[in-house]
Structures are given as C-alpha cells and as structure tokens.
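So that the names make sense, note that chain A is the first sequence line, chain B the second, and so on, each numbered from 1. Note that this is a predicted model, so its numbers are computed, not measured.
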Amino acid sequence: MENTMEKIVALCKRRGFIFQSSEIYGGLNGFWDYGPLGVELKRNVKDAWWKDMITHHDEFETPPGAPQSFSMVGLDCSIIMHPQVWKCSGHYDLFHDFMVDCKECKARFRADHVGSSECPLKPSKHPGEHDKCQLTPPREFNLMFKTYIGALSGEEGAAFMRPETAQGMFVNFKNVCDTQRVRVPFGIAQAGKSFRNEITPRNFTFRSREFEQMEMEFFCHPSQSFAWYQYWRDRRYNWYVNLGLNSTRLRLRDHAQDELSHYSVGTADIEYAFPFLDQGDFGELEGVAHRGDFDLRSHSEGKLVRDAAGHLTPELGPDGKPKYPGSGKDLSYFDDQTRERFLPHVIEPAAGADRATLAFLCEAYTEDEQPDDSGAMQQRVLLKLHPRLAPLKAAVFPLVKKGGMPEFALELYREIKRAGIPCVYDQQAAIGKRYRRQDEIGTPFCITVDGQTIDDRTVTWRDRDTLEQRRLPADRIVEEIVNRLKT
RNA sequence: GCGGGUGUAGCUCAGAGGUAGAGCACCACGUUGCCAACGUGGUCGUCGUGGGUUCAAUUCCCAUCACCCGCUCCA
C-alpha cells in the first residue's frame, strides 16, 4: 500500500489540513502550513496533551503506577536564548559539524572522522588515500538555525533558534522552584516551535525544519528516578493508545545500551509504523529519556563529558578551565522535610506535535464500502479520528431545503456553536453527499433535521464510523455531543 | 549532497511545435424526503519557475524550485 501515503497527503491538501509552505512561490523544502482544518486538528492534539499533563492533573492524588503524588506546571520560553545555553547543553558541538564529501565514491564523512572512516575504494583504508579520491574541503554543517541579535548583524550578536524546547525548562528550574511552591517531584511542561536544519527533510511533515514539540521535564529524587522513568514511559504510551493509536502500528521500544545518548541511562521511544516507511520500520513519535542530572549539572558547572572512568565531568579547554562554562548558579534542591540537598534527576518525555498529528491522521485514514441509495456498493473515504481530535465535532443538515427545515437546522447549528463546539451547517447537495463530505474530514456526528422535526422537535443523529442513525430530541443534542467528547 | 522519476483546472489525468481538453469537484436555479441523486446553465488555467532555440514553445534544449523513490545524514 505504498500509495496510501500519497492519498493521505492529497486529502490533507484537498480538504485544507496541510499545505506546503510558500506554495505559490514554488514551495520551501522542509516547511509546512496547517490549513483551516489542520490547525484545529493539531491544536486538539496539543490541547489534549496540555490538559492531560497540566490542566486536569490532580496533585493530591497518586495516579496508578506512580510512586507518589506530584505537581505539574507549564512554561512558555523564548525561542532564542543565550548562546551559552546551547554550548552547555551539548547542541553547539554536536549540531555543528564539518563534513567532507568524496566526489568519486559519493560518500560523506565527518571531517574529524576521516582518519577513522573507511574508504569504499579498496585497497586504501581511509578517505583521501586512494588516487581516485576527490575530497571536497571541509564544509560547515550547521544543524542549528543561526540568527543575529540586534540590527547590526555582527558575529558578536550571533545566536541560535532553539533546536528543542527542553533547555528553557532546565534554565528556568530555579525560577519555578522559587516562585511556585512546588516540591520535588514535579514536572514542567512546554509546547512550542523548534528548528533544526535537517540534512534531508522528507516524508511529508515527519522531518521538517520548523516543527512543534510537546516536552516535559520531570524532576525527582535520584533514588526514585528509575521508578518515575517507568511510570512516564508507560503513561505516555497509553496516551496515544487512548486517543486512537490502538493498532499494532504503535509500539514502545526500549533503547539498547549502545544506542543511548551520552548522558542517558535509559530511553524508550514511542514509535509508529507510518505508511511511508518500509514494512517493519517505525518512526519516532516521542522519546522518553532518563537524563540523570546531566542538564542541571551542565547549566551549573559547564558542558559535561564522560571521562575515562565513565564519570561525567566538565569538558576542559586548552587552558584547563571548562571549555563551555556553566552559569555558576547552584541548581540543587533542598528538601526541607528530609533536610537533604540534592541535584534532582530528570525524566523527559519529548513528543513531536506534528508527528503525533500525522500519526493520528494516518491511523484515522480508512477506506470502506457502503451502499448508495440504489444499494450498489460505493467506496467511502473517512478519517476515524477520535472525537477529541476531530477538527469539527458535528455537522447540521436540513434533509431538504424547504418546509422550515433550513430554519430549524440553522437554529440548532447556532446553539451548538454557542456551546463552544466546532460545527458546520450544510444544505448543499444531496444528504448522502453531505454525509460523505463530513466522513472525509473526520466529523464524528451529523445531525439531520427532517419533516418530523417540525412536528416533534426530534432529529436524526448519525454516527460516522457505524453509519448508525438514532432519533434524539433536538434539545438534547448539545448535551449528547459534550458527553461523547468526554469519552 | 548524489542518482532516478514527476510537475497541465480545486482533484485525478489526457494532449500536440501553431497560442489547451475530459471526468470529478465547485457555484446558480429547479427537482430531490436519510448515505458520493437528476436536469439545465455557469466559473476556473499565465501548462511549476526563469532563460534559450524557433516565424511560433505548454510541447525541444539549459538552469532552477518542489514533491516521490534509492543512497548519504539523522545529537
């Protein structure tokens, strides 16, 4: 089914979910715009996340599987931060490579790894050692977007647009502790744009250069950190399942030891088998990482590296001082109950909002066959989106444009809108076509006003997935929609 | 960054060196009483963009941009 993805991309464009950025100018590789329906869908994804993380969190109750109760707070940091943030986080070095291409064998090597890389041309060992090798000079690859602060764009004003939202939460750890009366364990959550100069943006919105993240940093006592890691890993996986990714296309995968980042002591990915991937391949939706005390230490002492004994210590420059000095601020936490001072460990569930949105779209895309008015089977395209995620929750139709039906339907439509529920009114074309139009954009409920409505104020409630029809009093429609949105 | 493919109406696509077509969609009117209805009428394109060859280019050539596939990359 390699063209399933093409159909989804075409549907996204045709119905106004996702457009290519700057399309009238020929498009821009790696950038995408969300249309009128897409913005609703993606906002619903982010809202679901924010509400489940922050708004609906009960800090007095211990959730199932959690070691204890805890607090959650939100944050919204600037996209451009002090350049030192990225030096201490490790992004500056790791995202900033010099690469060498060989024009003969079409291979690319990191400039600092040429001596240890293998040249495809035998019998030479390393790139550049064979007579045929044609290496380009080292070229700079900046994986972070560089920008300039101030109207005079000199190098002294150079800065970067954040490649992740996480650092804003580490940098504000002390501010949150000092102002919010929170106690460890607690989490800080943030959703927002991030930017990475991906070498190969591809696969629709999956790998974009501008994208949105939903990240949370959970600060806990080191002795409890592994229990919290397991809690968040399972809880985040179930979040996707409960919102509709409940097929075998979703999986939770623990990283192997050699796959772990330089700072991580445990990481699990929540992955989805996107239709654009090969059979058996999965793409990352969210990474849940046990980051230890790497981040708070780095922003305090300076950028850390692992020494010969395997311990994290500040990386030193030629002068014997930290290569990238930290803030020098004490970011430890004092527990006034246990009289203990410690540097909290961090569990980080970091999700891609665009990737989640795309996964929900892919999972929802369904083709089935339903009989038309003459009983012949016709193909139907529908998005089986969870009602919480659907851009529109309901559509109201008059069965035909006469007999007072449009007036009644319009009034019902307005009542639904006044309740704050995204809804459309449509009296165009035949009733069957209107149902199908809504199916294609994932509207879960259609309400039809007919002749009987005028007599007894009941309407037809039609379900997107089952096509089932029920008769309900018009006055109970808003209540019914609200109830269905809670499940 | 490399190699291959693609780019024509909102969508799916046809087309030929002589200045563009179909189906669907969309809009109007009428009809239509629950799952992509019917009739009549109507709107839509600088043929991805820029340049070249030619009397004439959407068609041939070059470049460029975007998308797809493969390689490379992916803290």
note = Each base of RNA chain B marked ( ) or [ ] if paired in-strand (Watson-Crick or G-U under 3.5 Å), | if paired to another strand and . if unpaired gives (((((((..((((....[..)))).(((((.......))))).....(((((..]....))))))))))))....
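Using a 4.0 Å cut-off on heavy atoms, the residues of residues 447-458 of chain A that approach RNA chain B are T448(A), D450(A), G451(A), listed by number.
Comment: R15(A) engages E440(A) in a salt bridge, judged by a side-chain N to carboxylate O separation of less than 4.0 angstrom.
Taking atom P in both G33(B) and C38(B), the straight-line distance is 15 Å, to the nearest Å. The C1' atoms of U12(B) and C47(B) are separated by 16 Å, rounded to the nearest whole Å. G18(B) and U6(B): their C1' atoms are spaced 27 Å apart (whole Å). Look at the P atom in both U31(B) and C13(B): the space between them is 38 Å, to the nearest Å. Atom C1' of C26(B) sits at a distance of 11 Å from the matching atom of A9(B), rounded to the whole Å.
Look at CG on D426(A): it is 12 Å from C1' on C26(B), rounded to the nearest Å. Regarding F31(A), its CZ atom lies at a distance of 15 Å from the C1' atom of C65(B), rounded to whole Å. For R209(A) and C73(B), the CZ to P distance is 17 Å, given to the nearest whole Å. Regarding I18(A), its CD1 atom lies at a distance of 19 Å from the P atom of A66(B), rounded to whole Å. If you take CZ of R471(A) and P of G33(B), they are 16 Å apart, rounded to a whole angstrom. Rounded to a whole Å, the CE atom of M5(A) is 13 Å from the P atom of C67(B). When rounded to the nearest whole Å, the span between CD of Q427(A) and C1' of C29(B) equals 13 Å. Whole-Å rounding puts the Q428(A) CD to U31(B) C1' distance at 15 Å.
Residues W32(A) and F204(A) bring their aromatic ring centres within 6.0 Å. Residues F226(A) and Y229(A) bring their aromatic ring centres within 6.0 Å. Within the 6.0 Å centre-distance limit, the rings of F219(A) and F173(A) are counted as a close aromatic pair.
Listed nucleotides: G1(B), C11(B), A28(B). Nearest to the side chain of R14(A): C11(B). Set against C34(B), C69(B), C67(B), the side chain of F276(A) has C69(B) as its closest nucleotide. Distance from the side chain of R202(A) is smallest for C69(B) among the nucleotides C67(B), C74(B), C69(B).
Between K402(A) and U32(B), a side-chain N or O to OP1/OP2 separation shorter than 4.0 Å is present. At G10(B), none of the side-chain N or O atoms of K13(A) fall inside 4.0 Å of OP1 or OP2 (strictly under the cut-off). OP1 or OP2 of C67(B) has at least one side-chain nitrogen or oxygen of N29(A) nearer than 4.0 Å.
Legend: residues meeting ring-ring contact (aromatic ring centres under 6.0 Å, His included) with F160(A), ordered by chain and number and at least two apart, are Y92(A). By the ring-ring contact (aromatic ring centres under 6.0 Å, His included) test, F206(A) is found to be paired with F274(A), F276(A), residues two or more places apart in sequence or in another chain being considered.
If you check every strand for non-hydrogen atoms under 4.0 Å, N203(A) touches sugar and phosphate atoms only. Using a 4.0 Å heavy-atom distance criterion, G30(A) is classed as a sugar-phosphate-only contact. Using a 4.0 Å heavy-atom criterion, one finds that F204(A) contacts the sugar-phosphate atoms exclusively.
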request  = May I have the step-by-step check of side-chain hydrogen bond (donor to acceptor under 3.5 Å, both in side chains) for Y34(A) and T357(A), ending in yes or no?
outcome  = CA-CA 11 Å; Y34(A) 285 82; T357(A) 301; 5.1 Å; no
task = Show the numbers, then the answer: is there a side chain to side chain contact (heavy atoms under 4.5 Å, CB included) between R236(A) and M216(A)?
result = CA-CA 11 Å; R236(A) 291 304 307 152; M216(A) 196 272 285; over 6 Å; no
request  = Start with the C-alpha distance between F445(A) and R464(A), add both sets of side-chain angles, then the distance that settles side chain to side chain contact (heavy atoms under 4.5 Å, CB included), and finish with yes or no.
outcome  = CA-CA 6 Å; F445(A) 315 118; R464(A) 175 195 66 202; over 6 Å; no
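Of the two residues contacting RNA chain B, namely P163(A) and E23(A), the nearest-nucleotide position lying further toward the 5' end is that of E23(A). Where L28(A) and M405(A) meet RNA chain B, the nucleotide closest to each residue was compared, and M405(A) sits on the side nearer the 5' end.
For the pair R251(A) and Y272(A), the NZ or CZ position fails the cation-pi test of under 6.0 Å to the six-membered ring centre and within 45 degrees of the ring normal.
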key: Per-nucleotide protein contact string for nucleotides 35-49 of chain B (B base, S sugar-phosphate only, - none; heavy atom under 4.0 Å)   = BBB------------
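More than 12 heavy atoms of other residues, nucleotides or ligands shown are found within 6.0 angstrom of NZ on K46(A).
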Show every donor-acceptor pair shorter than 3.5 Å between a side-chain atom in residues 389-401 of chain A and any protein atom, with sequence neighbours excluded, or say none if there are none.
{"unit_1": "K393(A)", "atom_1": "NZ", "unit_2": "P387(A)", "atom_2": "O", "d": "2.9"}
{"unit_1": "K393(A)", "atom_1": "NZ", "unit_2": "R388(A)", "atom_2": "O", "d": "3.1"}
{"unit_1": "K393(A)", "atom_1": "NZ", "unit_2": "A390(A)", "atom_2": "O", "d": "2.7"}

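Note: Y413(A) and Y425(A) have tilted aromatic rings, judged against thresholds of 30 and 60 degrees for the angle between ring planes.
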